[in-house]
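Just so it is clear, the structure is predicted and the values come from calculations on it, not from any experiment. Letters A, B, ... mirror the listed sequences (proteins, then strands); counts begin at 1.
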There are 2 protein chains.
Amino acid sequence: MAVGETGGARLPRNKIIVGDCIEELSRLPEASVDLVFADPPYNLQLNNELFRPDNSRVDAVDDDWDKFGSFGAYDSFTRDWLAACRRVLKPNGSLWVIGSYHNIFRVGTILQDLGYWVLNDVIWRKTNPMPNFRGRRFTNAHETMIWASMGPKAKYTFNYEAMKSLNEDLQMRSDWLLPICSGGERLKQDDGRKTHPTQKPEALLARVILASSHVGDVVLDPFSGSGTTAVAAKRLGRSFIGIEREESYAEAARARLKSLKPLDAASLQVAKGKRGEARIPFGALVELGLISPGTALYDPAARHEAKVRADGSIACAGAQGSIHKIGAHVQGAMACNGWTFWHYEKNGALKPIDDLRAAARQKLVPHAS
Amino acid sequence: MAVGETGGARLPRNKIIVGDCIEELSRLPEASVDLVFADPPYNLQLNNELFRPDNSRVDAVDDDWDKFGSFGAYDSFTRDWLAACRRVLKPNGSLWVIGSYHNIFRVGTILQDLGYWVLNDVIWRKTNPMPNFRGRRFTNAHETMIWASMGPKAKYTFNYEAMKSLNEDLQMRSDWLLPICSGGERLKQDDGRKTHPTQKPEALLARVILASSHVGDVVLDPFSGSGTTAVAAKRLGRSFIGIEREESYAEAARARLKSLKPLDAASLQVAKGKRGEARIPFGALVELGLISPGTALYDPAARHEAKVRADGSIACAGAQGSIHKIGAHVQGAMACNGWTFWHYEKNGALKPIDDLRAAARQKLVPHAS
DNA sequence: AACGCGCTTGAATCGGTAG
DNA sequence: ACTACCGATTCAAGCGCGT
């Protein structure tokens with residue numbers, strides 16, 4: 001029996017298959033797929049409705065496919081599809097799974113238990129995440145991807161140089177800054193509503209596929225959804241197999257693939273140059289020990305004195321807030337650039353705190369200029 | 001038996017305890033700790049034994065060594081210490097764990113199984129990570145922290161405004177950019193070698209503690225190591241308890257702590273939002289004579305007019321009720337903050353009634369700032 | 001044409017207190 | 001326990017429109 005075939009089963013290529021992924025995977029020949037990318041349901045467990053401060057309602061992911069009775073039910077579902085993927089993967093293939101804190105720990109544990117070998121966890125940092133509207137937690141600004149080979153001694157594909165050149169000739173790190181999928185890329189229905197609630201940006205998939213597969217390889221997505229994996233694979237000269245339960249999603253994906261235009265290199269670029277990331281909040285100076293809580297700050301004429309606090313706010317004459325707010329407040333102005341307004345004492349002279357920001361940038365963005 | 005005590009056990013404070021953390025935790029009174037930060041040994045999976053990053057062996061306590069495969073012992077160890085921490089945590093306390101892809105999925109799964117409720121996963125992005133020398137993977141440039149409360153409905157401390165201050169008036173995100181611990185901060189032995197292999201930067205711990213505890217709270221670290229948690233806690237005016245197996249690490253931590261002075265109370269003041277302010281019913285404004293019954297209130301666009309009544313309710317177009325209810329009603333909204341919605345006329349201009357609330361606070365709670 | 005303003009939107013586990 | 005009510009809370013992008 002030829003490699004890549006099982007019981008006469010042939011590997012379909014460049015198709016979006018409608019069906020349950022565990023069942024459909026079992027029909028595919030074993031050891032026939034080079035790369036799996038999976039975006040399974042996250043098991044969000046949302047209860048109440050959420051409104052923005054402007055009273056508009058957040059359109060949450062409340063679809064039935066994201067509902068599981070318990071962690072146990074989710075775990076068993078996860079074990080099944082991860083095992084089914086393992087069967088169809090070639091010994092030198094690899095697997096990516098994306099998730100959030102709701103599900104990614106379950107996924108990671110189970111894939112380790114099944115014998116997969118974690119190569120990296122990669123953080124997708126969103127440039128434009130949804131804020132935390134109630135101010136009760138940190139803004140959930142990232143998602144986590146796990147990249148794993150078939151075992152501790154298994155080989156796998158990693159295009160080191162391609163990743164390095166994508167990153168201005170520096171090694172690609174495990175944290176990737178990319179925008180969410182919106183604007184013209186986001187699929188919309190005729191009524192203007194989004195076609196799929198969780199469409200992933202093509203740039204994310206392109207980087208995954210470029211990093212861990214070769215031209216001509218077979219890329220499989222068991223939760224194909226809007227078809228971003230297939231689109232990125234096709235654009236990059238790979239074969240794709242998508243499996244999707246909902247006929248409507250599969251149809252949308254097929255339409256995308258049909259009108260696919262050739263490679264547009266811009267979508268693969270890093271979201272922003274390093275300079276774009278170099279915003280240094282005043283709080284970072286405190287955290288980095290460049291200025292201590294309790295230090296006095298003065299305006300250029302030393303008419304006002306403010307004290308730095310541990311949280312990066314400053315206090316002056318009963319008022320508290322950011323360097324900008326308090327600077328504006330003491331001047332009776334609408335706005336103020338606190339970086340140039342406030343000074344600290346050094347060797348008997350007043351120096352603007354902006355000087356310290358340069359030092360902070362050196363510490364936080366070592367490669368910047 | 002008093003709350004916070006078990007079998008007469010007293011809570012030691014500001015001590016580094018030498019011993020096995022599970023055993024030592026069992027000696028502490030239950031529900032007595034506000035915050036746990038844990039940096040447990042990683043699961044390096046060498047020969048089915050567990051090693052710390054410095055290759056010192058972790059004693060496996062379990063007989064069923066190979067029953068669960070190579071991860072079994074690590075899982076059982078993890079379950080034990082997480083359960084022991086859960087016992088000593090107050091119902092409104094919270095827990096942080098830091099780890100890498102080697103162990104964090106096991107930790108996350110087990111803490112969910114034990115009933116902890118994940119609030120965020122927070123990514124520590126390293127400015128200066130160790131490069132991947134062999135060029136076979138992505139540079140491992142981050143570590144993952146899980147922040148969890150005691151359960152889905154448990155309260156927890158989150159100093160939203162303080163975090164926002166640190167980030168120059170933008171919500172703090174789940175990805176934190178901080179340098180690794182090096183230079184003068186890194187503890188060295190006389191021979192110049194690192195005192196501890198995985199010393200964490202104090203800035204990381206400071207942000208964790210500032211975010212999720214109050215001044216005076218008890219912060220516990222079951223794997224104290226070089227004592228960074230204790231140092232950050234002490235500097236920020238919290239009590240600390242460190243537990244560490246290795247006498248040499250404990251001794252190094254004590255030496256660090258000895259020369260450390262906590263910040264003064266003023267520097268520890270942290271930005272507080274409106275949530276921290278005393279609540280003033282609108283009726284109090286009427287009672288205090290700050291606004292008279294019969295006064296007209298308007299929305300910002302002056303499309304609606306309401307009349308203040310003697311009992312602190314307002315009436316508008318036949319409807320009557322609180323400033324919030326009527327504000328929501330005239331807008332057709334689910335909810336409304338009447339304090340900022342309704343305005344009164346003063347010198348020909350519309351001023352929000354929130355200004356009057358500030359005046360009422362001065363009268364009713366004079367010591368408030 | 002370029003710019004500014006306003007509106008919309010995104011995988012979200014998003015209260016506390018008094019009665 | 002449950003109910004009622006108070007009242008706090010958002011960032012980056014894209015798009016359409018008006019100047």
- [ ] In plain terms, say whether A/E143 and A/K126 are close enough for a salt bridge, that is, a side-chain N and a carboxylate O under 4.0 Å apart.
- [x] yes
Open item on the list: Which residues pass the salt bridge (charged side-chain N to carboxylate O under 4.0 Å, His left out) test with B/R357, not counting sequence neighbours?
Closed with: B/D354
Open item on the list: What's the closest nucleotide to the side chain of A/R52 if the choices are D/dT10, D/dA8, C/dA12?
Closed with: D/dT10
TODO: Take A/W81 and A/F223 through the test ring-ring contact (aromatic ring centres under 6.0 Å, His included) and record every step on the way to the result.
DONE: CA-CA 10 Å; A/W81 72 258; A/F223 306 99; 5.1 Å; yes
Open item on the list: One pair to check against ring-ring contact (aromatic ring centres under 6.0 Å, His included): B/W124 and B/W176. What are the steps and the verdict?
Closed with: CA-CA 5 Å; B/W124 169 29; B/W176 299 358; 9.7 Å; no
- [ ] Measure from the side-chain heavy atoms of A/S56 and tell me the nearest of C/dA11, C/dT9, C/dG10.
- [x] C/dT9
Open item on the list: Quick check on C/dA11: is either OP1 or OP2 less than 4.0 Å from any side-chain nitrogen or oxygen of A/K67?
Closed with: no
Open item on the list: For A/D54 and B/M334, find the nucleotide of DNA chain D closest to each by heavy atoms; which residue's nucleotide sits nearer the 5' end?
Closed with: B/M334
Open item on the list: As a test of reading the structure: which of D/dA13, D/dC11, C/dA12 is closest to the side chain of B/Q171, going by heavy atoms?
Closed with: D/dC11
Task: B/D34/B/K90 ion pair, N-O < 4.0 Å - done: yes
Open item on the list: Nearest to the side chain of B/W117, heavy atoms from C-beta on, is which of C/dT13, C/dA11, C/dG10?
Closed with: C/dT13
TODO: Could you check which residues of residues 38-51 of chain A get a heavy atom under 4.0 Å from DNA chain D? Sort them by number, please.
DONE: none
Task: Touch class at under 4.0 angstrom, heavy-atom based, for A/C181 against every strand present - done: nothing
Task: Test applied, ring pair (Phe, Tyr, Trp, His ring centres under 6.0 Å); reference residue, A/F77; option that passes from A/F71, A/F68, A/W65 - done: A/F68
Open item on the list: Taking the ring of A/F51 and the ring of A/F133, is the distance between their centroids below 6.0 Å?
Closed with: no
Open item on the list: Salt bridge or not between A/K67 and A/D62? Use side-chain N to carboxylate O under 4.0 Å.
Closed with: no
Open item on the list: Whether the side chain of A/K200 and the base of C/dA11 hold a donor-acceptor pair under 3.5 Å is what I'd like checked.
Closed with: yes
Task: Conformer about C1'-N of C/dT13 - syn within 90° of 0, anti elsewhere - done: syn
TODO: Identify, with sequence neighbours excluded, every residue that meets side chain to side chain donor-acceptor pair (under 3.5 Å) alongside A/N120.
DONE: none
Open item on the list: Just checking A/D191: does its CG atom have more than 12 heavy atoms from other residues, nucleotides or ligands closer to it than 6.0 angstrom?
Closed with: yes
- [ ] Give me the residues of residues 134-148 of chain A where at least one heavy atom lies under 4.0 Å from an atom of DNA chain D, by number, or none.
- [x] A/R134
Task: N-O pairing of A/D54 and A/R52 below 4.0 Å - done: no
TODO: Ignoring the backbone of A/M130, work out which of C/dA11, C/dG10, D/dC11 is nearest its side chain.
DONE: C/dG10
- [ ] Ignoring the backbone of B/W339, work out which of D/dA8, C/dG10, C/dA12 is nearest its side chain.
- [x] D/dA8
Task: Contact residues, residues 319-332 of chain B to DNA chain D [heavy atom, < 4.0 Å] - done: B/S322, B/H324, B/K325
Task: Donor-acceptor pair present, B/R357 side chain and D/dG7 base, under 3.5 Å - done: no
Open item on the list: Centroid separation under 6.0 Å, is that true for the rings of A/Y249 and A/H196?
Closed with: yes
Open item on the list: Please classify the nucleic acid contact of B/P281 as base, sugar-phosphate, or nothing, using heavy-atom distances under 4.0 Å.
Closed with: nothing
Open item on the list: Using a 3.5 Å limit on both distances, find every run of at least three consecutive Watson-Crick or G-U pairs that involves DNA chain C.
Closed with: C:2-10 with D:11-19, C:15-19 with D:2-6
Task: Cation over ring face, B/R86 and B/Y116, 6.0 Å, 45° - done: yes
Open item on the list: Tell me if the centroids of the rings in B/F158 and B/W147 come within less than 6.0 Å of each other.
Closed with: yes
Open item on the list: Can you identify which nucleotide, out of C/dT13, D/dA8, D/dA13, has its nearest atom closest to the A/N128 side chain?
Closed with: D/dA13
